[in-house]
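Note that these values count all heavy atoms, side chains included, but never hydrogens, waters or copies made by symmetry.
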Amino acid sequence: MDLLHGLNPQQRAAVTAPTGPVLVLAGPGSGKTRVLTHRLAYLVRELGASPESVVALTFTNKAAREMGGRVQALLRAGGSSDSSAPRPSLGTFHAFAARLLRREAGRLPVSREFVIFDESDQQELVRQALKELNLDPKQVQPGAVHAAISQAKNELQGPEQYPRGTYFAEITQRVYVRYEELLQLNNALDFDDLLLLPVRLFRQEPELLQSYRRRYPHLLVDEFQDTNTAQYTLLRLLGGEDPDLFVVGDPDQSIYRWRGADYRNVLRLQQDYPRLQTFLLEQNYRSTQTILDAAMAVIDRHPDRTRKRLFTERGRGQALLFHEAYDPADEAAFVVDTIAGLVAAGEVEPGDCAVMYRTNAQSRALEEAFLKASLPYRLVGAQRFYGRREIRDLLAYLRLIHNPSDQVSLLRALNTPPRGIGDKSAAALLAAAASAGLSPGELLLALARGDPPAAASSLPPRARPALEAFGAMLAGLIATAGDLPLDRLIDQVILEAGFRPFLDDGTEEGADRWANVLELRGVAAESSAVGLVEFLEQVALVSDQDTLTESVNAPTLLTLHAAKGLEFPVVFILGLDEGELPHHRSLEDPEAMAEERRLFYVGLTRAENRVIVVRAFRRRVGGVFTASDPSRFLDDLPADLVEGDLLGMGLRAQASYARQTRWESPAPRPIGPRYAMGMRVRHPSFGEGVVMETMLHSDDEEVTVEFERGGVKRLSASVAPLEILE
DNA sequence: TAGTCTGGGCTTTTT
DNA sequence: GCCCAGACTA
């Protein structure tokens with residue numbers, strides 16, 4: 001089979017580009033995964049690269065799995081490989097880095113058995129550090145300090161380089177120092193370390209870097225716009241001066257700025273590699289032209305970007321639908337009714353519909369509406385499976401068995417289920433362990449063995465029996481862990497710790513909790529071939545989307561963030577209100593506002609056939625009902641692409657504007673923008689000026705010009721007598 | 001030590 | 001309005 005068969009000319013050009021730095025700017029639905037997988041196969045099948053010399057990095061496990069499946073099919077179609085053949089390294093940045101670090105653990109401050117601390121473990125460490133530094137967690141928010149530390153790590157800043165100067169920075173710097181010590185004491189690395197440490201290793205040990213460069217001469221990266229400084233630097237190091245680096249991304253879909261992602265890495269790439277070849281994928285295979293036009297109108301308001309002209313062969317399709325509801329409950333009812341109506345009319349299956357919103361809190365009203373109508377739904381995210389308390393409790397035991405020095409897990413497991421070891425006993429244990437120079441876990445094990453160090457005598461007699469019992473249980477579990485498959489080990493933990501009666505207390509929630517534990521056991525049973533280390537790593541590096549099951553034929557409820565990378569025939573976007581989308585926390589910061597816009601763009605471009613945007617006349621802000629203003633983004637939807645009750649002020653204004661322009665001048669549809677930012681223009685009455693912004697509607701171009709006299713004016717290109725100067 | 005009460009705060013969350 | 005953390009009480 002021809003590898004290039006079925007690729008469009010743009011895709012084909014990218015796939016067959018000469019090796020070297022390559023950037024593919026891929027619009028939504030333009031087949032970027034296809035390009036990436038075909039490029040990989042092209043390297044192997046046509047250019048003779050060995051599969052194991054290729055690294056392909058993604059951000060989610062799901063993307064990695066998808067790519068893996070397609071790559072395997074392509075390579076097998078090439079006839080070259082059987083199941084035992086070498087395979088490319090294909091995985092998330094974090095998984096790739098974690099593997100590297102285990103391999104090179106000898107060069108690290110932690111042992112090869114290190115555990116990976118997630119968000120909430122990290123918070124816990126910050127809390128602990130604050131406490132040790134006698135800082136009141138009410139005055140210094142642990143979350144804020146943690147975010148600052150995480151950001152520093154993403155920027156490759158260690159505690160020594162952390163800038164001081166403000167009170168907060170001073171506090172953060174001190175917490176950061178202690179935080180790092182605590183990680184090491186726990187024999188743990190956090191998410192950020194997984195990226196930061198390889199960079200540090202490579203910088204410190206040039207020979208090591210050389211060996212990895214030889215090992216992986218071919219690099220491919222998905223969702224490049226989401227890379228942060230650490231990831232970018234890692235790629236630069238691995239690539240060297242003249243890399244074979246093939247990256248695919250879309251700056252318009254960059255929505256993780258707050259996690260350190262910087263779409264400007266795309267521009268950096270152009271500066272760092274003058275030889276960079278750039279390809280644009282503009283043909284869309286997902287949406288109708290109407291949806292694409294609406295989405296472009298929204299995103300084209302961003303200045304300073306490579307404009308993409310998204311087009312499709314699918315035809316114009318139906319107009320977007322706008323609806324203004326009274327309040328969130330009414331909004332949700334509208335969604336349920338509309339879906340029910342579409343289904344009844346035979347237009348769609350329930351599973352074709354997705355309902356997207358800015359914040360998880362908005363799912364509540366929806367869930368209630370679905371429940372009320374007794375219709376099923378699928379909820380993505382919200383309470384992440386691995387974030388659930390009972391799951392974390394059980395995992396704490398497994399982590400402890402694997403790494404008794406993990407103090408965060410120990411403190412969690414110690415009195416869960418309650419066994420009479422309260423704060424006092426726990427504090428005494430920590431103190432005794434510190435003076436004995438052991439981790440608390442090790443002290444407990446020593447206690448259980450009957451050879452306690454002298455410092456153990458400081459433990460209050462009342463606390464001792466319970467601590468000894470816990471130590472004995474832990475010792476027993478550790479002893480049997482090696483012989484048992486994972487699911488049996490979990491059974492053992494459940495039994496000895498007494499989880500079942502603790503969780504399954506007869507209430508409905510209790511039954512849910514127990515069901516969750518059984519689900520974890522099921523996951524373990526499936527991966528019982530892998531050891532405890534691999535299982536824990538797997539579990540630490542999973543995400544929400546990984547738990548999204550496709551089997552149920554019901555509408556999907558999810559945040560706009562969670563929607564990235566997915567597609568649905570019918571998409572509802574809720575809460576198009578100022579303060580909601582854009583979110584009120586983004587109103588002040590232009591960069592944050594730009595990201596809100598991209599978020600809306602991501603939502604729109606998930607849709608294949610229909611988009612329904614909804615807002616509510618009044619919302620509750622912190623318990624109080626307030627009248628809300630329609631989102632500014634509604635104004636950017638070209639009025640002639642939208643139907644519905646046009647109660648939103650912006651849309652109403654635009655509707656009359658559109659009527660006017662269409663009545664007075666049926667302008668020919670521009671093929672591309674005639675004006676560009678920075679262009680000098682002249683107007684007979686306003687004089688000369690500079691184009692600030694230009695926005696393409698489906699039948700007109702709207703130009704914002706700053707005139708030397710007369711200020712800023714927004715003009716319709718088809719009507720205004722603008723003259724372009726040199 | 002364990003259960004109940006009160007008050008603050010509240011985006012998004014690929015790994 | 002809801003949830004979590006820490007304080008308070010039995």
Write down the distance between CG (A:Asp192) and P (B:dT13), rounded to a whole number of angstrom. 18 Å

I'd like the C1' distance from C:dA5 over to B:dT12, given in whole Å. 23 Å

Can you tell which of B:dT14, B:dT11, B:dT12 lies closest to the side chain of A:His561? B:dT12

Does a side-chain N-to-carboxylate-O contact under 4.0 Å join A:Glu331 and A:Arg615? no

Check this for me: does any side-chain nitrogen of one of A:Asp118 and A:Arg392 sit under 4.0 Å from a carboxylate oxygen of the other? yes

Write down the distance between CZ (A:Arg619) and C1' (B:dT11), rounded to a whole number of angstrom. 14 Å

Ring of A:Phe470, cation from A:Arg419 - is the NZ or CZ under 6.0 Å from the centre and inside 45° of the axis? no

Between N or O atoms, less than 3.5 Å apart, protein on one side and nucleotides 1-3 of chain B on the other: list the pairs.
unit_1, atom_1, unit_2, atom_2, d
B:dT1, OP1, A:Gly422, N, 2.6
B:dT1, OP1, A:Ser425, OG, 2.6
B:dA2, OP1, A:Gly420, N, 3.1
B:dA2, OP2, A:Asn415, ND2, 3.0

A:Asp226, A:Asp262, A:Asp589 screened by salt bridge (charged side-chain N to carboxylate O under 4.0 Å, His left out) with A:Arg257, the one that passes: A:Asp589

Regarding the side chain of A:Arg127, the nearest nucleotide among B:dT11, C:dG6, B:dT13 is C:dG6

Over all heavy atoms of both residues, which pair between A:Gly603 and A:Val571 is shortest? Give the atoms and the distance, please. O-CG1, 3.9 Å

Look at all strands and tell whether A:Glu223 reaches a base, only sugar-phosphate, or nothing, counting heavy atoms closer than 4.0 Å. nothing

Euclidean distance, atom CG of residue A:Leu574 to atom C1' of B:dT11 [Å, nearest integer]: 16 Å

On DNA chain B, does the nearest nucleotide to A:Leu194 precede the nearest nucleotide to A:Ala361 from the 5' side, or the other way round? Give the residue. A:Ala361

Is there a side-chain contact between A:Arg358 and the phosphate of B:dT11, meaning an N or O under 4.0 Å from OP1 or OP2? no

Does the pair A:Arg364/A:Glu367 count as a salt bridge with the N-to-O cut at 4.0 Å? no

Salt bridge A:Arg99-A:Glu537, side-chain N to carboxylate O under 4.0 Å: no

Among C:dA5, B:dT12, B:dT11, the one nearest A:Arg389 by side-chain distance: C:dA5

So, is A:Thr92 near the phosphate of B:dT14, with a side-chain N or O under 4.0 Å from OP1 or OP2? no

Apply side-chain contact (heavy atoms from CB on, under 4.5 Å) to A:Lys32 and A:Val24, showing your working. CA-CA 8 Å; A:Lys32 78 186 162 63; A:Val24 180; over 6 Å; no

Need to verify one output field. Residue with the more 5' nearest nucleotide on DNA chain B, A:His583 or A:Phe191? A:His583

Looking at B:dC10, B:dT12, B:dT14, which one has an atom nearest to any side-chain atom of A:Gln141? B:dC10

Nucleotide C:dC2, atom P - distance to CD of A:Glu367 in whole Å: 13 Å

Taking OH from A:Tyr256 and C1' from B:dT11, how many angstroms apart are they, rounded to a whole number? 12 Å

From CG of A:Asp222 across to P of B:dT14 the rounded distance in Å is 16 Å

Let me know the distance between CG of A:Asn360 and C1' of B:dT13, rounded to the nearest Å. 9 Å

A:Glu595 CD to B:dT12 C1', straight-line distance once rounded to whole Å: 8 Å

Check whether any side-chain N or O of A:Arg585 sits under 4.0 Å from OP1 or OP2 of B:dC10, and answer yes or no. yes

